[in-house]
Amino acid sequence: MSAKTIFIIAVSVLLTVILMKNTDEVNFWIFGEFLVSKLAILGVMFGLGLFTGFLIGRPRKRLLNREYNDRVQNSFRDEQEDSETNYLSDEDREYIS
């Protein structure tokens with residue numbers, strides 16, 4: 001088993017034990033007092049933390065695609081300038097640019 005799998009199993013077991021030991025009701029204030037189970041509060045907060053971590057931790061696709069496209073275009077330009085078999089006339093180059 002990989003370290004990632006062992007870590008996920010350990011976190012799942014710890015989360016389950018913590019949630020099952022905290023089932024009593026507490027006063028919770030959300031613009032008024034409510035009796036809410038600690039289990040519900042802990043579960044919601046853990047879920048919000050996972051969701052927030054996922055949103056913050058994922059790479060930005062748009063930025064990565066731009067960087068990749070810039071690299072490809074730059075390498076294409078370099079190859080085009082270096083090639084000895086460039087058959088375009090100056091007028092053709094001007095038209096394309």
Side-chain angles (χ1 to χ4, degrees):
M1 282 211 283
S2 69
K4 183 177 179 181
T5 306
I6 294 170
F7 178 75
I8 290 172
I9 291 171
V11 168
S12 299
V13 169
L14 285 173
L15 178 66
T16 303
V17 169
I18 290 170
L19 290 178
M20 291 301 119
K21 290 291 183 179
N22 290 297
T23 56
D24 53 330
E25 290 187 346
V26 293
N27 287 331
F28 193 73
W29 186 88
I30 303 177
F31 301 108
E33 283 198 24
F34 298 97
L35 280 178
V36 182
S37 170
K38 279 186 192 178
L39 174 67
I41 294 172
L42 289 171
V44 169
M45 292 301 147
F46 183 77
L48 287 174
L50 284 177
F51 181 71
T52 304
F54 173 74
L55 288 180
I56 292 173
R58 67 184 175 145
R60 295 184 180 179
K61 292 180 183 178
R62 204 176 292 162
L63 180 62
L64 294 176
N65 286 338
R66 276 193 204 141
E67 289 175 1
Y68 176 75
N69 289 337
D70 289 345
R71 285 186 200 157
V72 169
Q73 287 177 355
N74 288 338
S75 66
F76 180 72
R77 287 183 194 143
D78 292 343
E79 288 175 7
Q80 206 174 28
E81 291 172 0
D82 293 342
S83 85
E84 296 176 8
T85 59
N86 194 351
Y87 299 111
L88 295 177
S89 67
D90 291 335
E91 293 173 3
D92 292 340
R93 287 191 197 103
E94 186 177 316
Y95 178 76
I96 291 173
S97 309

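A quick note: this is a predicted structure, and the numbers were derived from the prediction, not measured.
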### Query
CG of L50 to CE of M45: how many Å apart, nearest 0.5 Å?
13.0 Å
### Query
Should D24 and K38 be marked as a side-chain contact (heavy atoms from CB on, under 4.5 Å) after you check the CA-CA gap, both sets of side-chain angles, and the distance that decides it?
CA-CA 6 Å; D24 53 330; K38 279 186 192 178; 3.5 Å; yes
### Query
When hydrophobic residues are tied together by side-chain contacts of less than 4.5 Å, even through go-betweens, does L14 share a cluster with I8?
no
### Task
Check whether V44 and L55 end up in the same hydrophobic cluster, where Ile, Leu, Val, Met, Phe, Trp and Tyr are linked by side-chain heavy atoms less than 4.5 Å apart.
no
### Task
Following the transitive rule for hydrophobic clusters with a side-chain heavy-atom cut-off under 4.5 Å over Ile, Leu, Val, Met, Phe, Trp and Tyr, establish whether F34 and W29 coincide in one cluster.
yes
### Task
Given side-chain contact (heavy atoms from CB on, under 4.5 Å), test L15 with F46 step by step and report yes or no.
CA-CA 9 Å; L15 178 66; F46 183 77; 3.5 Å; yes
### Task
Identify whether I41 and L35 are in the same connected component of the hydrophobic contact network (ILVMFWY, side-chain heavy atoms under 4.5 Å).
no
### Atom pair CE/CG of M20 and L42 - distance to nearest 0.5 Å
10.5 Å
